[in-house]
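Lettering follows sequence order; numbering is per chain, from 1.
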Protein chains: 2
Amino acid sequence: MVMMNKVDDNPSRAERAHATRELILTAAERLFAEHGVLAVSNRQVSEAAGQGNNTAVGYHFGTKADLVRAIARKHLAQIEEIRQRMVADIGDPADVRAWITCLVRPVTEHLAEVGSPTWFARFGAQVMTDPTLRPILVEETQSSPSLVRILSGLNACLSDLPDDVRAERYDMARQLLVHMIAERERALADNTPTPRASWHDAATGLVDALVGLWLAPVTNDS
Amino acid sequence: MVMMNKVDDNPSRAERAHATRELILTAAERLFAEHGVLAVSNRQVSEAAGQGNNTAVGYHFGTKADLVRAIARKHLAQIEEIRQRMVADIGDPADVRAWITCLVRPVTEHLAEVGSPTWFARFGAQVMTDPTLRPILVEETQSSPSLVRILSGLNACLSDLPDDVRAERYDMARQLLVHMIAERERALADNTPTPRASWHDAATGLVDALVGLWLAPVTNDS
DNA sequence: CATGTATTAAGTCAAGTGATTGACTTAGAC
DNA sequence: GTCTAAGTCAATCACTTGACTTAATACATG
(Lines give C-alpha, C1' and ligand atoms only; values in the text may rest on other atoms or scores of the structure.)
Protein backbone atom coordinates (compact mmCIF):
# COMPACT_ATOMS: atom_id res chain seq x y z
CA MET A 1 0.00 0.00 0.00
CA VAL A 2 1.30 3.37 -0.93
CA MET A 3 1.61 5.96 1.74
CA MET A 4 -0.02 8.59 -0.38
CA ASN A 5 -0.59 9.13 -4.04
CA LYS A 6 2.18 11.65 -3.98
CA VAL A 7 5.02 9.16 -3.81
CA ASP A 8 5.37 8.70 -7.58
CA ASP A 9 6.88 12.12 -7.81
CA ASN A 10 8.45 13.87 -4.94
CA PRO A 11 7.33 17.47 -5.11
CA SER A 12 9.24 19.40 -2.54
CA ARG A 13 7.48 22.24 -0.86
CA ALA A 14 9.28 24.78 -2.96
CA GLU A 15 8.57 22.80 -6.10
CA ARG A 16 4.87 22.64 -5.41
CA ALA A 17 4.74 26.32 -4.68
CA HIS A 18 6.57 27.08 -7.88
CA ALA A 19 4.25 24.81 -9.80
CA THR A 20 1.10 26.55 -8.59
CA ARG A 21 2.74 29.90 -9.26
CA GLU A 22 3.23 28.81 -12.86
CA LEU A 23 -0.32 27.50 -13.06
CA ILE A 24 -1.63 30.81 -11.86
CA LEU A 25 0.57 32.76 -14.25
CA THR A 26 -0.52 30.87 -17.35
CA ALA A 27 -4.17 30.80 -16.31
CA ALA A 28 -4.13 34.52 -15.67
CA GLU A 29 -2.38 35.22 -18.95
CA ARG A 30 -4.99 33.29 -20.87
CA LEU A 31 -7.98 34.80 -19.09
CA PHE A 32 -6.55 38.30 -19.36
CA ALA A 33 -5.97 37.96 -23.08
CA GLU A 34 -9.40 36.50 -23.71
CA HIS A 35 -11.61 38.65 -21.51
CA GLY A 36 -9.55 41.67 -20.58
CA VAL A 37 -7.30 42.26 -17.62
CA LEU A 38 -9.77 44.26 -15.59
CA ALA A 39 -12.73 42.07 -16.44
CA VAL A 40 -11.12 39.06 -14.79
CA SER A 41 -11.13 38.77 -11.00
CA ASN A 42 -8.47 37.17 -8.88
CA ARG A 43 -11.08 34.61 -7.92
CA GLN A 44 -11.57 33.53 -11.52
CA VAL A 45 -7.82 33.25 -11.95
CA SER A 46 -7.48 31.08 -8.87
CA GLU A 47 -10.27 28.81 -10.00
CA ALA A 48 -8.95 28.54 -13.54
CA ALA A 49 -5.58 27.61 -12.08
CA GLY A 50 -7.23 24.70 -10.29
CA GLN A 51 -6.91 26.24 -6.87
CA GLY A 52 -9.93 25.57 -4.75
CA ASN A 53 -9.60 28.77 -2.84
CA ASN A 54 -9.67 32.37 -3.83
CA THR A 55 -6.61 33.35 -1.81
CA ALA A 56 -4.09 31.70 -4.13
CA VAL A 57 -3.44 34.76 -6.26
CA GLY A 58 -3.27 37.04 -3.27
CA TYR A 59 -0.98 34.70 -1.41
CA HIS A 60 1.51 34.13 -4.20
CA PHE A 61 1.47 37.50 -5.92
CA GLY A 62 -0.40 40.10 -3.92
CA THR A 63 -2.51 42.56 -5.88
CA LYS A 64 -3.53 42.16 -9.50
CA ALA A 65 -0.94 44.73 -10.53
CA ASP A 66 1.72 42.46 -9.05
CA LEU A 67 0.33 39.56 -11.00
CA VAL A 68 0.46 41.58 -14.20
CA ARG A 69 4.04 42.49 -13.42
CA ALA A 70 4.96 38.86 -12.83
CA ILE A 71 3.49 37.79 -16.15
CA ALA A 72 5.30 40.57 -17.93
CA ARG A 73 8.60 39.75 -16.23
CA LYS A 74 8.40 36.11 -17.20
CA HIS A 75 8.09 36.85 -20.91
CA LEU A 76 10.25 39.93 -21.03
CA ALA A 77 13.11 37.98 -19.47
CA GLN A 78 13.00 35.38 -22.23
CA ILE A 79 12.70 38.04 -24.90
CA GLU A 80 15.61 39.91 -23.40
CA GLU A 81 17.73 36.77 -23.62
CA ILE A 82 17.08 36.36 -27.34
CA ARG A 83 17.63 40.06 -27.91
CA GLN A 84 20.96 40.06 -26.15
CA ARG A 85 22.17 37.27 -28.43
CA MET A 86 20.98 39.08 -31.55
CA VAL A 87 22.53 42.37 -30.52
CA ALA A 88 25.80 40.63 -29.81
CA ASP A 89 25.79 38.99 -33.24
CA ILE A 90 25.06 42.18 -35.12
CA GLY A 91 27.29 42.60 -38.17
CA ASP A 92 27.33 46.08 -39.57
CA PRO A 93 26.41 48.55 -36.82
CA ALA A 94 25.59 51.15 -39.49
CA ASP A 95 22.80 48.99 -40.93
CA VAL A 96 19.43 50.37 -39.90
CA ARG A 97 17.66 47.19 -40.87
CA ALA A 98 19.90 45.14 -38.63
CA TRP A 99 18.97 47.20 -35.57
CA ILE A 100 15.29 47.12 -36.41
CA THR A 101 15.52 43.38 -36.82
CA CYS A 102 16.95 43.20 -33.30
CA LEU A 103 13.91 45.13 -32.16
CA VAL A 104 11.33 42.95 -33.83
CA ARG A 105 12.59 39.40 -34.17
CA PRO A 106 13.22 38.60 -30.49
CA VAL A 107 9.55 39.18 -29.77
CA THR A 108 8.18 37.16 -32.67
CA GLU A 109 10.75 34.43 -32.08
CA HIS A 110 9.66 34.19 -28.47
CA LEU A 111 6.02 33.89 -29.50
CA ALA A 112 6.94 31.21 -32.00
CA GLU A 113 8.86 29.35 -29.31
CA VAL A 114 5.97 29.41 -26.87
CA GLY A 115 3.83 27.85 -29.56
CA SER A 116 0.22 28.34 -30.41
CA PRO A 117 -1.93 29.47 -28.79
CA THR A 118 -0.11 32.45 -27.37
CA TRP A 119 -1.66 35.10 -25.17
CA PHE A 120 1.18 37.40 -24.29
CA ALA A 121 0.80 39.70 -27.29
CA ARG A 122 -2.84 40.51 -26.55
CA PHE A 123 -2.03 40.78 -22.87
CA GLY A 124 0.80 43.20 -23.59
CA ALA A 125 -1.26 45.37 -25.89
CA GLN A 126 -3.99 45.69 -23.28
CA VAL A 127 -1.57 46.52 -20.51
CA MET A 128 0.15 49.15 -22.61
CA THR A 129 -3.19 50.80 -23.33
CA ASP A 130 -4.69 50.77 -19.87
CA PRO A 131 -3.81 53.95 -18.02
CA THR A 132 -3.29 52.23 -14.67
CA LEU A 133 -1.43 49.16 -15.90
CA ARG A 134 0.76 50.85 -18.46
CA PRO A 135 3.37 52.17 -16.01
CA ILE A 136 4.07 48.63 -14.87
CA LEU A 137 5.05 47.42 -18.31
CA VAL A 138 6.93 50.59 -19.14
CA GLU A 139 8.93 50.21 -15.97
CA GLU A 140 9.72 46.58 -16.65
CA THR A 141 10.74 47.36 -20.21
CA GLN A 142 13.08 50.21 -19.37
CA SER A 143 15.30 47.84 -17.43
CA SER A 144 16.45 46.14 -20.64
CA PRO A 145 20.09 46.84 -21.44
CA SER A 146 19.81 45.41 -24.95
CA LEU A 147 17.00 47.84 -25.76
CA VAL A 148 18.99 50.92 -24.86
CA ARG A 149 21.85 49.41 -26.88
CA ILE A 150 19.58 49.14 -29.91
CA LEU A 151 18.37 52.66 -29.33
CA SER A 152 21.83 54.13 -29.38
CA GLY A 153 22.71 52.01 -32.40
CA LEU A 154 19.73 53.37 -34.28
CA ASN A 155 20.54 56.89 -33.17
CA ALA A 156 24.01 56.53 -34.64
CA CYS A 157 22.60 55.33 -37.97
CA LEU A 158 20.02 58.09 -38.14
CA SER A 159 22.02 61.02 -36.86
CA ASP A 160 20.64 63.22 -39.62
CA LEU A 161 17.10 62.95 -38.20
CA PRO A 162 16.01 65.66 -35.75
CA ASP A 163 15.94 64.44 -32.17
CA ASP A 164 12.18 64.93 -31.92
CA VAL A 165 11.51 62.93 -35.02
CA ARG A 166 13.77 60.13 -33.84
CA ALA A 167 11.90 59.94 -30.55
CA GLU A 168 8.61 60.10 -32.39
CA ARG A 169 9.53 57.28 -34.74
CA TYR A 170 10.82 55.15 -31.91
CA ASP A 171 7.42 55.52 -30.31
CA MET A 172 5.83 54.56 -33.59
CA ALA A 173 7.99 51.47 -33.85
CA ARG A 174 7.05 50.39 -30.35
CA GLN A 175 3.35 50.94 -30.92
CA LEU A 176 3.47 49.13 -34.23
CA LEU A 177 5.33 46.17 -32.80
CA VAL A 178 3.12 45.81 -29.73
CA HIS A 179 -0.19 46.10 -31.54
CA MET A 180 0.58 44.28 -34.74
CA ILE A 181 1.68 41.14 -32.93
CA ALA A 182 -1.45 41.42 -30.82
CA GLU A 183 -3.47 41.73 -34.00
CA ARG A 184 -1.90 38.65 -35.46
CA GLU A 185 -2.41 36.73 -32.25
CA ARG A 186 -6.07 37.71 -32.27
CA ALA A 187 -6.43 36.53 -35.84
CA LEU A 188 -4.80 33.22 -34.97
CA ALA A 189 -7.13 32.78 -32.01
CA ASP A 190 -10.20 33.58 -34.15
CA ASN A 191 -9.09 31.47 -37.09
CA THR A 192 -9.21 34.64 -39.14
CA PRO A 193 -6.87 34.76 -42.12
CA THR A 194 -3.53 36.45 -41.45
CA PRO A 195 -1.46 38.27 -44.07
CA ARG A 196 1.57 36.19 -43.12
CA ALA A 197 1.88 32.46 -42.61
CA SER A 198 4.31 32.43 -39.69
CA TRP A 199 5.65 34.63 -36.93
CA HIS A 200 8.90 34.76 -38.85
CA ASP A 201 7.21 36.11 -41.96
CA ALA A 202 5.17 38.54 -39.91
CA ALA A 203 8.40 39.85 -38.48
CA THR A 204 9.77 40.31 -42.00
CA GLY A 205 6.75 42.37 -42.91
CA LEU A 206 7.13 44.46 -39.78
CA VAL A 207 10.82 45.05 -40.37
CA ASP A 208 10.17 46.06 -43.98
CA ALA A 209 7.57 48.57 -42.85
CA LEU A 210 9.66 49.92 -40.00
CA VAL A 211 12.69 50.46 -42.21
CA GLY A 212 10.52 52.46 -44.58
CA LEU A 213 8.99 54.35 -41.68
CA TRP A 214 12.33 55.22 -40.16
CA LEU A 215 14.02 56.26 -43.36
CA ALA A 216 11.08 58.31 -44.61
CA PRO A 217 11.86 61.90 -45.53
CA VAL A 218 10.86 64.52 -42.99
CA THR A 219 8.57 67.35 -43.97
CA ASN A 220 10.02 70.46 -42.42
CA ASP A 221 6.96 72.59 -41.99
CA SER A 222 3.33 73.10 -42.95
CA MET B 1 -42.05 85.00 -5.80
CA VAL B 2 -40.94 82.75 -8.62
CA MET B 3 -42.81 79.60 -9.21
CA MET B 4 -39.65 77.58 -9.45
CA ASN B 5 -36.03 78.29 -10.24
CA LYS B 6 -36.60 76.82 -13.66
CA VAL B 7 -38.37 79.77 -15.17
CA ASP B 8 -35.23 81.63 -16.32
CA ASP B 9 -34.72 79.20 -19.16
CA ASN B 10 -37.37 77.06 -20.66
CA PRO B 11 -35.86 73.69 -21.31
CA SER B 12 -38.36 71.45 -22.96
CA ARG B 13 -38.45 67.88 -21.82
CA ALA B 14 -36.63 66.70 -24.89
CA GLU B 15 -34.02 69.39 -24.45
CA ARG B 16 -33.36 68.47 -20.86
CA ALA B 17 -33.08 64.83 -21.74
CA HIS B 18 -30.66 65.64 -24.50
CA ALA B 19 -28.66 67.82 -22.16
CA THR B 20 -28.24 65.08 -19.58
CA ARG B 21 -27.39 62.65 -22.35
CA GLU B 22 -24.56 64.95 -23.35
CA LEU B 23 -23.49 65.36 -19.74
CA ILE B 24 -23.31 61.62 -19.35
CA LEU B 25 -21.43 61.19 -22.61
CA THR B 26 -18.70 63.68 -21.77
CA ALA B 27 -18.41 62.51 -18.18
CA ALA B 28 -18.09 58.92 -19.31
CA GLU B 29 -15.55 59.81 -21.97
CA ARG B 30 -13.38 61.56 -19.42
CA LEU B 31 -13.62 58.86 -16.78
CA PHE B 32 -13.01 56.12 -19.32
CA ALA B 33 -9.90 57.83 -20.67
CA GLU B 34 -8.53 58.52 -17.23
CA HIS B 35 -9.24 55.29 -15.38
CA GLY B 36 -10.05 52.73 -18.03
CA VAL B 37 -13.37 51.75 -19.53
CA LEU B 38 -13.88 48.66 -17.44
CA ALA B 39 -12.62 50.23 -14.23
CA VAL B 40 -15.42 52.79 -14.27
CA SER B 41 -18.92 51.78 -13.20
CA ASN B 42 -22.15 53.17 -14.56
CA ARG B 43 -22.76 54.54 -11.07
CA GLN B 44 -19.59 56.59 -11.17
CA VAL B 45 -20.52 57.93 -14.56
CA SER B 46 -23.97 58.92 -13.40
CA GLU B 47 -22.56 60.67 -10.35
CA ALA B 48 -19.85 62.43 -12.35
CA ALA B 49 -22.56 63.64 -14.71
CA GLY B 50 -24.32 65.24 -11.76
CA GLN B 51 -27.23 62.83 -11.80
CA GLY B 52 -28.52 61.89 -8.39
CA ASN B 53 -29.92 58.77 -9.90
CA ASN B 54 -27.47 55.91 -10.20
CA THR B 55 -29.38 54.38 -13.06
CA ALA B 56 -29.18 57.40 -15.32
CA VAL B 57 -26.74 55.67 -17.65
CA GLY B 58 -28.90 52.61 -17.84
CA TYR B 59 -31.98 54.68 -18.51
CA HIS B 60 -30.51 56.75 -21.32
CA PHE B 61 -28.16 54.29 -22.95
CA GLY B 62 -28.68 50.76 -21.69
CA THR B 63 -25.59 48.70 -21.07
CA LYS B 64 -22.06 50.03 -20.91
CA ALA B 65 -21.37 48.69 -24.37
CA ASP B 66 -24.17 50.88 -25.68
CA LEU B 67 -22.65 53.85 -23.92
CA VAL B 68 -19.30 53.13 -25.53
CA ARG B 69 -21.01 52.91 -28.90
CA ALA B 70 -22.73 56.24 -28.35
CA ILE B 71 -19.47 57.97 -27.47
CA ALA B 72 -17.79 56.47 -30.52
CA ARG B 73 -20.66 57.45 -32.82
CA LYS B 74 -20.59 61.04 -31.65
CA HIS B 75 -16.94 61.53 -32.53
CA LEU B 76 -16.82 59.30 -35.59
CA ALA B 77 -19.66 61.26 -37.14
CA GLN B 78 -17.75 64.51 -36.85
CA ILE B 79 -14.57 62.92 -38.14
CA GLU B 80 -16.46 61.43 -41.04
CA GLU B 81 -17.73 64.87 -41.96
CA ILE B 82 -14.24 66.32 -42.16
CA ARG B 83 -13.01 63.29 -44.04
CA GLN B 84 -15.74 63.52 -46.65
CA ARG B 85 -14.72 67.11 -47.36
CA MET B 86 -11.06 66.18 -47.68
CA VAL B 87 -11.73 63.23 -49.93
CA ALA B 88 -13.90 65.38 -52.16
CA ASP B 89 -11.15 67.98 -52.45
CA ILE B 90 -8.44 65.52 -53.33
CA GLY B 91 -6.33 66.69 -56.25
CA ASP B 92 -4.23 63.98 -57.81
CA PRO B 93 -5.83 60.59 -57.11
CA ALA B 94 -2.50 58.92 -57.90
CA ASP B 95 -0.76 60.67 -55.01
CA VAL B 96 -0.23 58.26 -52.12
CA ARG B 97 0.51 61.06 -49.71
CA ALA B 98 -2.80 62.72 -50.50
CA TRP B 99 -4.78 59.62 -49.58
CA ILE B 100 -2.79 59.07 -46.41
CA THR B 101 -3.39 62.67 -45.48
CA CYS B 102 -7.12 62.03 -45.84
CA LEU B 103 -6.67 59.15 -43.44
CA VAL B 104 -4.81 61.06 -40.76
CA ARG B 105 -5.78 64.72 -40.80
CA PRO B 106 -9.52 64.38 -40.19
CA VAL B 107 -8.80 62.72 -36.88
CA THR B 108 -6.19 65.20 -35.68
CA GLU B 109 -8.24 68.10 -36.94
CA HIS B 110 -11.22 66.86 -34.98
CA LEU B 111 -9.13 66.59 -31.81
CA ALA B 112 -7.81 70.08 -32.37
CA GLU B 113 -11.35 71.36 -32.83
CA VAL B 114 -12.58 69.78 -29.63
CA GLY B 115 -9.80 71.56 -27.81
CA SER B 116 -7.67 70.54 -24.90
CA PRO B 117 -8.14 68.44 -22.94
CA THR B 118 -9.34 65.69 -25.23
CA TRP B 119 -10.18 62.16 -24.15
CA PHE B 120 -11.39 60.48 -27.28
CA ALA B 121 -7.98 59.28 -28.46
CA ARG B 122 -7.21 57.41 -25.24
CA PHE B 123 -10.76 56.14 -25.16
CA GLY B 124 -10.48 54.85 -28.71
CA ALA B 125 -7.16 53.14 -28.12
CA GLN B 126 -8.55 51.33 -25.11
CA VAL B 127 -11.68 50.24 -26.88
CA MET B 128 -9.72 48.94 -29.85
CA THR B 129 -7.54 46.87 -27.53
CA ASP B 130 -10.20 45.38 -25.32
CA PRO B 131 -11.40 42.06 -26.70
CA THR B 132 -15.05 42.65 -25.79
CA LEU B 133 -15.31 46.31 -26.77
CA ARG B 134 -13.28 46.16 -29.96
CA PRO B 135 -16.07 44.80 -32.19
CA ILE B 136 -18.21 47.81 -31.35
CA LEU B 137 -15.70 50.30 -32.67
CA VAL B 138 -14.80 48.15 -35.66
CA GLU B 139 -18.46 47.94 -36.58
CA GLU B 140 -19.00 51.67 -36.23
CA THR B 141 -15.92 52.39 -38.30
CA GLN B 142 -16.78 50.10 -41.19
CA SER B 143 -19.88 52.13 -41.93
CA SER B 144 -17.78 55.02 -43.20
CA PRO B 145 -18.11 55.56 -46.96
CA SER B 146 -15.16 57.93 -47.10
CA LEU B 147 -12.89 55.32 -45.56
CA VAL B 148 -13.65 52.71 -48.19
CA ARG B 149 -13.13 55.42 -50.79
CA ILE B 150 -9.66 56.12 -49.38
CA LEU B 151 -8.94 52.44 -49.31
CA SER B 152 -9.72 51.94 -52.94
CA GLY B 153 -7.77 55.08 -53.80
CA LEU B 154 -4.72 53.73 -52.02
CA ASN B 155 -5.16 50.36 -53.66
CA ALA B 156 -5.08 52.02 -57.04
CA CYS B 157 -1.87 53.86 -56.20
CA LEU B 158 -0.18 50.78 -54.81
CA SER B 159 -1.32 48.17 -57.27
CA ASP B 160 2.18 46.74 -57.43
CA LEU B 161 2.04 45.66 -53.80
CA PRO B 162 0.84 42.11 -53.08
CA ASP B 163 -2.68 42.01 -51.67
CA ASP B 164 -1.52 40.55 -48.39
CA VAL B 165 1.05 43.26 -47.88
CA ARG B 166 -1.47 45.96 -48.70
CA ALA B 167 -3.87 44.58 -46.13
CA GLU B 168 -1.05 44.26 -43.63
CA ARG B 169 0.07 47.84 -44.13
CA TYR B 170 -3.44 49.14 -43.88
CA ASP B 171 -3.67 47.45 -40.51
CA MET B 172 -0.37 49.04 -39.58
CA ALA B 173 -1.59 52.47 -40.56
CA ARG B 174 -4.72 52.04 -38.48
CA GLN B 175 -2.83 50.85 -35.44
CA LEU B 176 -0.31 53.64 -35.77
CA LEU B 177 -2.94 56.31 -36.12
CA VAL B 178 -5.06 55.08 -33.24
CA HIS B 179 -2.25 54.61 -30.77
CA MET B 180 -0.03 57.52 -31.65
CA ILE B 181 -2.79 60.05 -31.16
CA ALA B 182 -3.60 58.35 -27.87
CA GLU B 183 0.06 58.61 -26.93
CA ARG B 184 0.11 62.29 -27.70
CA GLU B 185 -3.09 62.86 -25.80
CA ARG B 186 -1.62 61.07 -22.79
CA ALA B 187 1.47 63.25 -22.97
CA LEU B 188 -0.66 66.39 -23.13
CA ALA B 189 -2.67 65.23 -20.14
CA ASP B 190 0.50 64.47 -18.15
CA ASN B 191 2.29 67.65 -19.19
CA THR B 192 4.96 65.39 -20.63
CA PRO B 193 6.92 66.86 -23.56
CA THR B 194 5.58 65.89 -26.98
CA PRO B 195 7.69 65.60 -30.12
CA ARG B 196 5.30 67.92 -31.95
CA ALA B 197 3.85 71.22 -30.87
CA SER B 198 0.36 70.87 -32.33
CA TRP B 199 -2.07 68.28 -33.60
CA HIS B 200 -1.40 69.59 -37.07
CA ASP B 201 2.34 68.98 -36.75
CA ALA B 202 1.75 65.60 -35.21
CA ALA B 203 -0.33 64.70 -38.25
CA THR B 204 2.52 65.78 -40.51
CA GLY B 205 4.88 63.46 -38.66
CA LEU B 206 2.39 60.62 -38.94
CA VAL B 207 1.82 61.18 -42.64
CA ASP B 208 5.57 61.29 -43.28
CA ALA B 209 6.04 58.00 -41.48
CA LEU B 210 3.04 56.33 -43.12
CA VAL B 211 4.17 57.32 -46.60
CA GLY B 212 7.54 55.73 -45.88
CA LEU B 213 5.87 52.68 -44.39
CA TRP B 214 3.56 52.20 -47.33
CA LEU B 215 6.17 52.72 -50.02
CA ALA B 216 8.79 50.56 -48.33
CA PRO B 217 10.24 47.76 -50.49
CA VAL B 218 8.90 44.29 -49.80
CA THR B 219 11.25 41.49 -48.88
CA ASN B 220 10.13 38.49 -50.86
CA ASP B 221 11.22 35.67 -48.64
CA SER B 222 12.90 34.58 -45.41
C1' DC C 1 -57.41 72.62 -16.59
C1' DA C 2 -56.58 67.66 -16.20
C1' DT C 3 -54.43 63.65 -17.36
C1' DG C 4 -50.65 60.93 -19.08
C1' DT C 5 -45.94 60.27 -19.69
C1' DA C 6 -41.05 61.06 -19.89
C1' DT C 7 -37.43 62.10 -16.88
C1' DT C 8 -35.04 62.27 -12.43
C1' DA C 9 -34.56 61.00 -7.55
C1' DA C 10 -34.05 57.75 -3.85
C1' DG C 11 -33.74 53.48 -1.80
C1' DT C 12 -33.23 48.38 -2.01
C1' DC C 13 -31.38 43.90 -3.36
C1' DA C 14 -28.64 39.87 -4.68
C1' DA C 15 -24.34 38.91 -6.66
C1' DG C 16 -19.58 39.40 -6.87
C1' DT C 17 -15.26 41.76 -5.37
C1' DG C 18 -10.55 41.92 -2.69
C1' DA C 19 -8.86 41.20 1.68
C1' DT C 20 -8.43 38.97 6.13
C1' DT C 21 -8.65 35.32 9.26
C1' DG C 22 -7.83 30.88 11.32
C1' DA C 23 -7.66 25.88 10.68
C1' DC C 24 -5.62 22.13 8.21
C1' DT C 25 -1.89 19.53 5.62
C1' DT C 26 2.66 18.42 4.81
C1' DA C 27 7.79 18.83 3.84
C1' DG C 28 11.93 19.44 6.03
C1' DA C 29 14.84 20.62 10.53
C1' DC C 30 16.22 18.96 14.84
C1' DG D 1 9.25 11.24 16.55
C1' DT D 2 8.39 16.13 17.31
C1' DC D 3 8.28 20.72 15.82
C1' DT D 4 8.09 24.52 12.66
C1' DA D 5 6.73 26.99 8.92
C1' DA D 6 5.22 27.00 3.98
C1' DG D 7 1.36 26.19 1.44
C1' DT D 8 -3.61 25.34 0.91
C1' DC D 9 -8.30 25.74 2.08
C1' DA D 10 -12.89 27.47 3.81
C1' DA D 11 -15.38 31.08 5.89
C1' DT D 12 -16.23 35.71 6.59
C1' DC D 13 -15.62 40.84 6.25
C1' DA D 14 -16.96 45.37 4.31
C1' DC D 15 -17.67 47.19 -0.04
C1' DT D 16 -19.10 47.96 -4.93
C1' DT D 17 -21.71 46.73 -8.70
C1' DG D 18 -25.84 46.49 -11.95
C1' DA D 19 -30.61 45.89 -11.80
C1' DC D 20 -34.93 46.75 -9.84
C1' DT D 21 -38.75 49.29 -7.44
C1' DT D 22 -41.13 53.24 -6.04
C1' DA D 23 -41.98 58.02 -5.75
C1' DA D 24 -41.61 62.78 -7.10
C1' DT D 25 -41.25 66.18 -10.75
C1' DA D 26 -42.46 68.68 -14.84
C1' DC D 27 -43.59 68.85 -19.58
C1' DA D 28 -47.05 67.65 -23.36
C1' DT D 29 -51.40 66.83 -25.06
C1' DG D 30 -56.21 67.03 -25.34
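Comparing D/dT8, C/dT7, D/dG18 by their nearest atom to the side chain of B/Asn42 picks out D/dG18. When each of C/dT17, C/dT8, D/dT17 is scored by its nearest atom to the side-chain atoms of B/Asn53, the top-ranked nucleotide is C/dT8. Each of D/dT8, C/dG11, C/dA6 was ranked by its minimum atom distance to the side chain of B/Asn54; first place goes to C/dG11. If you check C/dT12, D/dC9, D/dT8 against the side chain of B/Arg43, the one that comes closest is C/dT12. Which of C/dA9, D/dA19, D/dG18 sits closest to the side chain of B/Ser41 comes down to D/dG18. Considering only the side chain of A/Thr20, D/dT8 comes nearest among D/dT8, C/dA19, D/dA10.
For the pair A/Arg169 (side chain) and A/Trp214 (backbone), a donor-acceptor distance under 3.5 Å is present.
The number of heavy atoms from other shown groups lying within 6.0 Å of CD (A/Glu81) does not exceed 12. More than 12 heavy atoms of other residues, nucleotides or ligands sit less than 6.0 Å from atom CD of B/Glu22.
Whole-Å rounding puts the B/Glu47 CD to C/dA10 P distance at 12 Å. B/Leu38 has its CG atom 10 Å from the P atom of D/dG18, to the nearest Å. Taking atom OH of residue B/Tyr59 and atom P of nucleotide C/dA10, one finds them 17 Å apart after rounding to whole Å.
Counting distance only, with no hydrogens placed and no angle test, the side-chain atoms of A/Thr55 and the base atoms of D/dA10 include a donor-acceptor pair under 3.5 Å.
In this structure the side chain of A/Glu34 never reaches within 4.5 angstrom of the side chain of B/Pro131, judged on heavy atoms.
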